[in-house]
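Since the structure comes first, as structure tokens, the remarks are kept for the end.
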Amino acid sequence: MTPRTVDKTQELAAFLRSRRERLDPRDVQLPARGRARRTPGLRREEVAELAGISVDYVVRLEQGRSGLRPSANILDALSRALRLTSDERAYVHDLARRRPPRAEEPAATASPPLAQLVTELSPLPAMLMNHRYDILAWNGEMSRLLVDFGTLPPSQRNAMWLCLLHPRVRDRYVDRERVVREGIAHLRAAWAAHPEDRALSDRIAEFATHDEDFARLWAEQDIKVNGRGTKTMRHPEIGVISVRFEVLVPLEDSDQRLAIFRAADDASRTALGRLCTR
């Protein structure tokens, strides 16, 4: 499916099929059946049995039949049957329009109190983003760690764009595929939660067109909102460092995300200290 449009019925159908095909019968303690399996994963009748719904309903869901509106209870039953993670469960609820719609408009500018907080978090590198990964505010330490955001046109002030398409930043991550994979999982969840956001859909289409890794990983349909972790980076001035990141969502501005980086070890702390005092 092209990322420019969100056909939620077809996306739900494709996602449920992909998760069924990834499961091994042994993962769900199903007894061995007599006939051989010609395709990987569970059979539709096995999913129906585990979820306590009819096989016909599973078939219609996977075919993307128009007019189907599975209830929250059915979605929860399917989520349990398919062993979905909490992020994947939220994703199917978004696709089926079973979560309350988001009232606020996507953030295009930083909330002034949060922009001030980003500045006051110095000497920790920090930046403020929206659900598209657009960078709305940053401090000097984050600029020295990644790139001078002030020299970039607004269209390039996007954390995912930098990772995928910026000629210097894209090679800065030691485990770039993992970073891209985690970013895509977040974008896919945001894409389902904000189907009206054409700017997000256009951004995803841009990434899929210009980066083969993005197109390949997007097709895997991974869903995981990762708000904490570690990244290892090759910095041109201080060498290889490891940083821990934390992403926080403010209650008053729920479309904005505050990302804070900290050194992950003593050597990285020393190197980051040198960089941030220059």
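Every heavy atom of this structure was used, including side-chain atoms; hydrogens, water molecules and symmetry mates were not.
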Salt bridge [X]-[Y], side-chain N to carboxylate O under 4.0 Å:
X: Arg17; Y: Glu21; answer: no
X: Asp134; Y: Arg157; answer: no
X: Arg170; Y: Asp211; answer: yes
X: Arg216; Y: Glu212; answer: no
X: Asp171; Y: Arg176; answer: no

Considering all heavy atoms of both residues, which atom of [X] and which atom of [Y] are nearest to each other, and what is their separation?
X: Leu152; Y: Val147; value: CD1-CG1, 3.9 Å
X: Ser79; Y: Arg89; value: OG-CG, 3.6 Å
X: Ala137; Y: Ala110; value: CB-CB, 3.9 Å
X: Ala108; Y: Leu136; value: O-CD2, 3.5 Å
X: His131; Y: His186; value: O-NE2, 3.1 Å
X: Cys163; Y: Val179; value: SG-CG1, 3.9 Å

Examine [X] and [Y] and state if one hydrophobic cluster contains both, with Ile, Leu, Val, Met, Phe, Trp and Tyr joined whenever side-chain heavy atoms are less than 4.5 Å apart.
X: Ile135; Y: Val180; answer: yes
X: Leu200; Y: Leu128; answer: no
X: Leu258; Y: Leu162; answer: no

Find the distance between [atom1] ([X]) and [atom2] ([Y]) and round it off to the nearest 0.5 Å.
X: Ser18; Y: Leu16; atom1: OG; atom2: CG; value: 7.5 Å
X: Glu206; Y: Asp202; atom1: CD; atom2: CG; value: 9.0 Å
X: Ile204; Y: Thr209; atom1: CD1; atom2: OG1; value: 11.5 Å
X: Leu248; Y: Ile260; atom1: CG; atom2: CD1; value: 5.0 Å
X: Leu187; Y: Arg203; atom1: CG; atom2: CZ; value: 9.5 Å
X: Glu246; Y: Leu124; atom1: CD; atom2: CG; value: 11.5 Å

Would a 4.5 Å heavy-atom cut-off, applied to side chains only, mark [X] and [Y] as touching?
X: Arg228; Y: Val247; answer: no
X: Ile238; Y: Ile241; answer: yes
X: Gln221; Y: Arg19; answer: yes
X: Asn130; Y: Arg257; answer: no
X: Met127; Y: Ser143; answer: no
X: Met160; Y: Met129; answer: no
X: Glu220; Y: Leu217; answer: yes
X: Val249; Y: Gln256; answer: no

Steps toward side-chain contact (heavy atoms from CB on, under 4.5 Å) verdict (Gln156, Phe149): CA-CA 9 Å; Gln156 295 180 9; Phe149 301 108; over 6 Å; no
Which residues share a salt bridge (Lys or Arg N to Asp or Glu O under 4.0 Å) with Arg44, sequence neighbours left out: Glu62
Only counting residues at least two apart or in another chain, list the ones meeting salt bridge (Lys or Arg N to Asp or Glu O under 4.0 Å) with Asp148. none
Return yes if some donor-acceptor pair links the side-chain N/O of [X] with the main-chain N/O of [Y] below 3.5 Å, else return no.
X: Arg172; Y: Leu145; value: yes
X: Ser254; Y: Pro250; value: no
X: Arg60; Y: Leu68; value: no

Stepwise, does the side-chain contact (heavy atoms from CB on, under 4.5 Å) test hold for Leu146 with His166? CA-CA 11 Å; Leu146 289 179; His166 192 282; over 6 Å; no
Establish, from distance only, whether the side-chain atoms of Tyr91 and Glu11 form a donor-acceptor pair under 3.5 Å. yes
Is it true that Ser242 and Thr232 share a donor-acceptor pair across their side chains at a distance under 3.5 Å? yes
Residue list, side-chain hydrogen bond (donor to acceptor under 3.5 Å, both in side chains) with Arg80, at least two apart or on another chain: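 Arg80 satisfies side-chain hydrogen bond (donor to acceptor under 3.5 Å, both in side chains) with no other residue.
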Parallel, tilted or perpendicular, as decided by the 30° and 60° cut-offs, for the rings of Trp191 and Trp218: perpendicular
Enumerate the ring-ring contact (aromatic ring centres under 6.0 Å, His included) contacts for residues 220-269, please, sequence neighbours excluded, ordered by first and then second residue.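 Every candidate ring-ring contact (aromatic ring centres under 6.0 Å, His included) pair involving residues 220-269 fails, so no pair, neighbours aside, qualifies.
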Passes side-chain contact (heavy atoms from CB on, under 4.5 Å), Trp138 versus Thr119? Steps please. CA-CA 7 Å; Trp138 59 90; Thr119 300; over 6 Å; no
Clusters formed by hydrophobic residues whose side-chain heavy atoms approach within less than 4.5 Å: which one holds Val55, and what are its other members? Val59
Output, in order, the C-alpha distance, side-chain angles, deciding distance and verdict of side-chain contact (heavy atoms from CB on, under 4.5 Å) for Met142 and Val118. CA-CA 10 Å; Met142 187 61 83; Val118 168; over 6 Å; no
Intermediate values then yes/no, salt bridge (charged side-chain N to carboxylate O under 4.0 Å, His left out), Arg269 and Asp265: CA-CA 6 Å; Arg269 187 172 297 107; Asp265 52 57; over 6 Å; no
Applying side-chain contact (heavy atoms from CB on, under 4.5 Å), name anything that partners Ala51, two or more places apart in sequence or on another chain.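 Only Ile53, Ala77, Leu78, Ala81 meet the side-chain contact (heavy atoms from CB on, under 4.5 Å) criterion with Ala51.
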